[in-house]
S.K.: 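I'd like to ask some things about the structure below.
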Amino acid sequence: MGIALTRVFVTRSVNPLKISMLDEISWHGSGATRSGAHVFVSNIHPPNVNYFSNMEVPLSLSPALQNLPFRPTQTHESRHWNSLIKHHTKLKDDHAILDTYTKMESSGILPDTATLPLVLKACGRLQAIDRGKKLHNAVLDTDLVSDIRVQTALVDFYSKCGMLMNAHKVFDEMTDRDVVSWNAMISGCVGCFEYLQALILFARMQNGNLKANSVTVVELLRACGELFELRLGKEIHGYCLRHGLFNSNPHVDTSLMGFYLKCAPSVASLVFEMLDSRNSISWNTMISGYVNHGDYLKSLELFISMLIEGFECDSVTMLVVIKACAEYGNLELGMQVHQLVIKFGYSNMHIINALMNMYNKFADFRSSYELFNSILTKDVALWNSMLSCSIESGFIDESVSILTEMQLDDIQINERTLVIILRLCAHLSNGLVNGKSLHAYAFKIGKEKNTYVGNSLVNMYALFNRVEDATRVFTKIKVSDVISYNVFISGLVYNKLKFQAWEMFIQMLDLEIKPNSQTVTSILAAFDSGEFFNVGRSIHGYVMKCGVQIDASLNTALTEMYINCEDEETGRGLFEKYPDKDLISWNSLLSTYIKNNQEEKALILFHRMISRVKPTIVTIINVLSLYTQLSNLPQGRCLHAYTLRRFSSLDRDLSLANAFITMYARCGSLEYAEKVFNSLPETDIVSWNAMIAGYGMHGCGDDAMMTFSKMVKEGIKPTQVTFVSALSACSHSGMIHKGLVLFHSMVQDFCITPERVHYACLVDLLARGGLLNEAKDVIETMPMAPDASTWRALIGACRIYSDTHMAKSAFENLIELEPTNAGNYVLLSNIYAANGLWSEVKNLRLIVKNKGLKKPAGRSWIVNKSKLYFFAAGDKTHAQSDKIYKKLTFLLTSVKEMGYVPDLRWVLHDADDERKLARVSSHSEKLAIAFGLISVNGGSPILITKNLRICGDCHEFSKYVSKLTKRIIILRDASRFHHFVDGSCSCKDYW
DNA sequence: CTAGGGTTAG
């Protein structure tokens with residue numbers, strides 16, 4: 001896509017890429033901002049320039065007229081031209097009017113008072129600015145210029161062309177004004193979105209004792225509708241009733257309905273009921289009113305009544321009804337309307353466009369495509385639809401060629417095109433480059449500050465983690481709407497900038513932009529831990545107070561917020577009470593429980609869920625991550641079988657297959673992980689990463705490296721993630737040299753800039769290998785500040801090599817980063833203890849005690865016959881507790897005879913030796929092993945999982961037990977797998 | 001001088 005999109009632009013005359021190079025440098029500078037602002041003003045607003053300076057032709061007679069004697073009287077010739085223009089006007093052929101006028105001009109004949117307005121009108125409709133101005137110029141020295149009809153036509157022409165200042169100028173210079181000229185000026189303002197200006201003009205008109213007629217009323221109602229001026233609109237309604245304008249002029253009737261549909265929808269249907277006579281336009285107004293309010297059923301019912309009452313529907317009816325069918329989800333009716341369209345021959349661009357979008361909504365891309373090809377003249381809107389249809393259907397390459405064709409057809413792309421392509425860029429991994437060129441292009445054509453374009457740019461930048469760029473664009477948007485704030489807030493939350501997101505939410509309230517359910521859903525995602533409980537709850541309060549509609553996703557967000565903020569009961573209550581729980585509600589509660597380590601609740605929920613709704617791939621991946629966390633291999637295998645039944649294979653979704661690979665590897669079964677991996681017809685980088693990480697954590701460094709080489713050989717490019725797994729695999733297997741080579745190769749051959757994690761891996765690798773000083777060098781010279789895990793890696797190695805001095809200095813750095821992590825103190829204490837520095841040990845204990853720090857409770861568990869058995873240190877809650885302790889006592893006695901000596905240094909809390917011995921003898925790992933030996937069938941390995949890193953004493957103990965019982969014990973701790981076989985461990989005591 | 005209409009966020 002990256003290259004292709006570039007190519008599209010490069011081949012055409014409009015070349016955003018070229019622009020981007022210039023503007024990427026300049027739009028950050030202040031100079032560009034000024035010129036940008038100018039571009040913006042001239043594009044969106046009518047230019048604020050002097051009327052006369054805008055005249056291209058000097059204020060004199062045109063050259064043709066100068067050479068000819070002026071002929072003011074109606075000749076036979078001029079009568080012929082004038083009547084010809086009138087004829088073309090009747091036929092609504094604007095081009096013919098202008099052509100005729102050109103011929104007239106070259107004969108030196110001016111149109112008469114009656115004809116000139118017709119020509120100006122045609123100029124206005126065709127946006128023929130130059131022709132109109134020239135015409136104005138030509139009549140300046142004639143009597144025509146003081147004719148009220150001509151002046152009115154000029155007002156109309158200028159406002160139609162967006163040159164409101166010029167219109168005002170002509171209007172202000174009029175000596176005599178009638179209702180029609182006032183109307184023209186008012187209508188001009190409304191046409192240029194200057195609604196307030198229109199109302200002010202109306203006030204001026206009333207001062208001049210002129211009465212509003214039906215035309216005035218129609219324009220005023222539109223202005224009131226746009227300004228949500230309900231009161232003034234109602235007064236105008238009253239005026240219509242008093243002056244007999246209601247039920248006598250269909251324009252007025254329809255405008256009233258249109259106004260009420262905007263400001264007070266229920267009144268609109270009352271007005272409609274009261275109409276003496278209806279036409280297709282009044283029906284269409286009502287139908288489209290319902291569509292705009294999202295009441296598609298009502299709109300379709302109204303359409304049916306229209307047919308029953310025998311009204312003829314026109315192409316607009318079709319258009320609106322097609323949209324209603326699409327939104328309501330009624331393909332059958334939509335296709336019937338399509339047949340009507342064909343029958344009546346209404347195949348214009350609008351209709352084709354609506355039909356394309358309808359079919360695409362029903363996932364029928366083919367029909368959309370055929371419709372698109374069925375029409376010969378296509379405007380930019382049609383192309384835009386084609387683009388968004390193909391993107392929506394996932395045809396990325398095709399949409400690029402559509403873009404190419406668009407450029408080949410010389411279609412001038414507009415802001416909607418930009419929005420559509422920007423959305424595509426935002427979703428392509430390499431879309432940032434193209435997104436930036438589109439930004440430059442938007443800037444160039446003065447659309448950067450457009451609300452829609454700005455919103456899309458903000459979204460695109462935020463998704464590429466370019467918060468600064470997103471912020472810059474956001475602040476430049478001229479008129480920010482709810483969507484601008486939604487996009488920006490969710491972008492900030494996505495980039496973990498919670499505080500800024502909250503500030504934006506407050507700003508939005510200050511500016512009285514009412515947050516909708518999506519705003520709240522986005523901001524709630526920021527409040528994901530206990531400290532945000534109050535602010536999260538206040539948002540819930542806001543939702544209730546201000547009546548923000550609670551849809552399924554908002555309810556889900558509220559539920560998640562409460563559970564993340566440790567108020568599970570309220571969260572759960574919201575979930576249970578919500579009537580329209582969808583799959584997303586179930587999936588997200590499930591994943592929230594999993595994230596918050598509420599495994600049992602998650603499992604119960606999953607079983608309840610599958611009895612009610614059909615789980616999706618997302619559900620499976622969620623539950624898999626739960627089984628992975630829990631090392632629940634038997635359940636993982638069951639889920640594998642279930643998934644094969646439900647989705648027939650894993651091939652359909654690679655992320656699903658990859659989740660299975662990870663699950664098997666982390667549940668201790670490399671064999672099954674390999675089986676899944678080898679069965680895949682296609683693999684991606686994640687599959688390979690999962691295998692490399694799997695080998696690494698089991699201490700199979702050679703397999704990890706072989707997999708790495710194989711992957712590179714198959715042409716798959718390793719990512720940063722790959723190197724984290726591969727480097728730590730080397731580290732865990734003591735392959736120092738290979739690891740160093742790999743690190744080098746990452747930079748040299750794969751052009752990957754090492755990040756913090758990679759340096760952490762490097763430090764770990766060197767330090768474990770005994771190269772403590774080299775490791776320290778890395779820490780001191782790495783380009784970014786080391787994080788806690790880097791220092792921890794160094795301290796861990798200091799334990800193996802008994803370097804208390806370095807351990808201490810590393811520790812000081814570590815607690816600066818993590819002052820409240822009790823585990824860090826344990827780490828140092830163990831090193832002091834191992835080296836007999838008892839006073840230091842005591843000192844550390846005191847610090848921990850004074851600070852009130854607590855080590856998280858150690859938990860070990862084991863799966864037996866698909867059931868989980870959890871153990872804490874000294875746990876006696878298990879049903880077979882007596883048997884377990886009996887077995888443990890037996891094991892302890894036996895291994896002591898083999899040479900095992902309990903190592904009391906692993907008890908941090910101060911106590912006498914006897915208590916320490918009791919404590920270390922009932923560690924959760926030991927209890928789990930004892931239970932495993934009495935419950936797991938002989939022969940199969942005993943698989944134990946621990947939430948923290950294994951205790952050193954338990955590690956020794958496990959080695960002896962494996963020798964004593966001739967059983968394989970596989971223990972997964974927080975950092976890796978330990979395979980205990982016949983008295984030794986796969987980690988080679990190297991952990 | 002005037003009423004209803006297609007393509008635009010995640």
Side-chain angles (χ1 to χ4, degrees), chain A residues 117 121 124 149 152-153 155-156 159-160 178-188 190-191 212-222 225 245 249-259 261 279-289 291-292 313-323 326 346 348-358 360 378-389 413-423 426-427 447 450-460 462-463 481-488 490-491 494 518 521-522 553:
Chain A
K121 198 115 217 217
R149 290 281 71 80
T152 305
V155 169
D156 181 57
S159 52
K160 285 261 166 19
D178 61 1
V179 188
V180 178
S181 47
W182 280 98
N183 286 348
M185 195 60 239
I186 293 175
S187 150
V190 171
N213 67 9
S214 60
V215 178
T216 329
V217 161
V218 165
E219 293 296 353
L220 291 175
L221 282 170
R222 211 179 123 202
L245 293 174
N249 179 323
H251 292 245
V252 174
D253 303 340
T254 316
S255 295
L256 266 170
M257 281 159 43
F259 159 73
L261 278 168
N279 61 16
S280 64
I281 297 181
S282 46
W283 279 98
N284 293 346
T285 305
M286 280 316 287
I287 296 174
S288 94
V291 172
N292 290 335
C313 24
D314 59 14
S315 66
V316 179
T317 322
M318 300 288 117
L319 192 62
V320 177
V321 171
I322 290 164
K323 197 174 177 192
Y346 288 147
N348 63 36
M349 286 194 281
H350 292 218
I351 299 259
I352 296 293
N353 202 340
L355 282 169
M356 279 171 64
N357 285 296
M358 179 189 82
N360 209 57
K378 300 167 182 121
D379 65 356
V380 64
L382 265 173
W383 282 98
N384 285 348
S385 284
M386 195 61 247
L387 251 184
S388 74
C389 284
I413 66 169
N414 62 12
E415 71 266 24
R416 294 181 189 222
T417 324
L418 284 177
V419 169
I420 294 165
I421 319 172
L422 275 169
R423 189 176 58 184
H427 293 293
K447 295 286 184 188
N450 172 285
T451 309
Y452 283 101
V453 174
N455 294 351
S456 311
L457 284 168
V458 169
N459 178 53
M460 185 272 295
L463 287 178
D481 60 2
V482 210
I483 296 169
S484 318
Y485 276 90
N486 286 357
V487 168
F488 193 43
S490 77
Y494 178 77
Q518 286 167 42
T521 305
S522 307
S553 36

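Chain letters run A, B, ... following the sequence lines, proteins first, then strands; residues in each count from 1.
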S.K.: Between A:N459 and A:S456, is there a side-chain donor-acceptor contact under 3.5 Å, judged purely by atom types and distance?
M.R.: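 Short answer, no.
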S.K.: Nearest whole angstrom, please: distance from the P of B:dG5 to the CZ of A:R222.
M.R.: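 Distance, rounded to whole Å: 10 Å.
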S.K.: Using a 4.0 Å heavy-atom cut-off across all strands, classify A:L221 as base, sugar-phosphate, or nothing.
M.R.: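 If one applies the 4.0 Å heavy-atom cut-off, A:L221 turns out to touch nothing in the nucleic acid.
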S.K.: Nearest to the A:S280 side chain among B:dG4, B:dG5, B:dA3, which nucleotide is it?
M.R.: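 Nearest to the side chain of A:S280 among the choices is B:dG4.
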S.K.: Round to a whole Å and report the spacing from CE of A:M349 to P of B:dT7.
M.R.: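 Computing the A:M349:CE to B:dT7:P distance gives 14 Å.
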S.K.: Would you mind telling me which of B:dT8, B:dA9, B:dA3 lies closest to the side-chain atoms of A:H251?
M.R.: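 For the A:H251 side chain, the nearest candidate turns out to be B:dA3.
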S.K.: Once you apply a heavy-atom cut-off of 4.0 Å, does A:N455 come out as touching a base, just sugar-phosphate, or nothing?
M.R.: nothing
S.K.: Please report, rounded to the nearest Å, how far the P atom of B:dT8 is from the CG atom of A:D481.
M.R.: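 A:D481 atom CG is separated from B:dT8 atom P by 15 Å.
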S.K.: A:F488 CZ to B:dA9 C1': how many Å, rounded?
M.R.: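 Taking atom C1' of B:dA9 as the reference, CZ of A:F488 is at 15 Å.
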S.K.: Return the value, rounded to whole Å, for the distance between atom CZ of A:R416 and atom C1' of B:dG6.
M.R.: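 Going from CZ in A:R416 over to C1' in B:dG6 covers 9 Å.
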S.K.: Any side-chain heavy-atom pair from A:R423 and A:S388 closer than 4.5 angstrom?
M.R.: yes
S.K.: Given atom CZ of A:F259 and atom C1' of B:dT2, what is their separation to the nearest angstrom?
M.R.: 17 Å
S.K.: Could you check which of B:dG5, B:dT2, B:dG6 has an atom nearest any side-chain atom of A:V320?
M.R.: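 Of B:dG5, B:dT2, B:dG6, B:dG5 is nearest to the side chain of A:V320.
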S.K.: Among the candidates B:dT8, B:dG5, B:dT2, find the nucleotide nearest to the side-chain atoms of A:K160.
M.R.: B:dT2
S.K.: The side chain of A:I281 is closest to which nucleotide in this list: B:dA9, B:dT8, B:dA3?
M.R.: B:dA3
S.K.: A:T417 and A:N384: side-chain donor and acceptor closer than 3.5 Å?
M.R.: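 Short answer, yes.
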S.K.: Please report, rounded to the nearest Å, how far the C1' atom of B:dG5 is from the CH2 atom of A:W283.
M.R.: 18 Å
S.K.: State which of B:dG4, B:dA3, B:dT7 makes the closest approach to the side chain of A:S288.
M.R.: B:dG4
S.K.: OP1 or OP2 of B:dG5 versus the side-chain N and O atoms of A:K323: is any pair under 4.0 Å?
M.R.: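 Negative; the distance criterion is not met.
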S.K.: How far apart are the closest heavy atoms of A:I483 and A:N455, and which atoms are they?
M.R.: CG2-ND2, 3.6 Å
S.K.: So, for A:L245 and A:D253, which heavy atoms are closest and what is the spacing to 0.1 Å?
M.R.: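 Closest approach of A:L245 to A:D253, heavy atoms only: O-OD1, 4.2 Å.
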S.K.: What's A:T254 touching, base or sugar-phosphate or nothing? Going by heavy atoms closer than 4.0 Å.
M.R.: base
S.K.: Quick check: any donor-acceptor pair below 3.5 Å linking the side-chain of A:D379 to the base of B:dG6?
M.R.: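 Looking at the base of B:dG6, it does pair with a donor or acceptor on the side chain of A:D379 (distance under 3.5 Å).
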S.K.: Would you say a side-chain N or O of A:K378 is under 4.0 Å from OP1 or OP2 of B:dG6?
M.R.: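 The answer is no; no side-chain N or O of A:K378 sits under 4.0 Å from OP1 or OP2.
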S.K.: Select one nucleotide: of B:dG5, B:dA9, B:dT7, the one nearest the side-chain heavy atoms of A:N348.
M.R.: B:dG5
S.K.: May I ask you to check whether A:N357 and A:N353 show a side-chain donor-acceptor distance below 3.5 Å?
M.R.: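 A:N357 vs A:N353: donor-acceptor pair found between side chains.
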S.K.: If you only use heavy atoms from C-beta on, which nucleotide in B:dA3, B:dT7, B:dA9 is closest to the side chain of A:N414?
M.R.: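 Of the options given, the side chain of A:N414 lies nearest B:dT7.
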S.K.: Could you tell me whether the side chain of A:N249 has a donor or acceptor atom within less than 3.5 Å of a complementary atom in the base of B:dA3?
M.R.: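 No.
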S.K.: Figure out the CG/C1' separation between A:N284 and B:dG4, and round it to whole Å.
M.R.: 5 Å
S.K.: B:dA3, B:dA9, B:dT7: which one has an atom nearest the side-chain heavy atoms of A:N486?
M.R.: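 Nucleotide nearest to A:N486's side chain: B:dA9.
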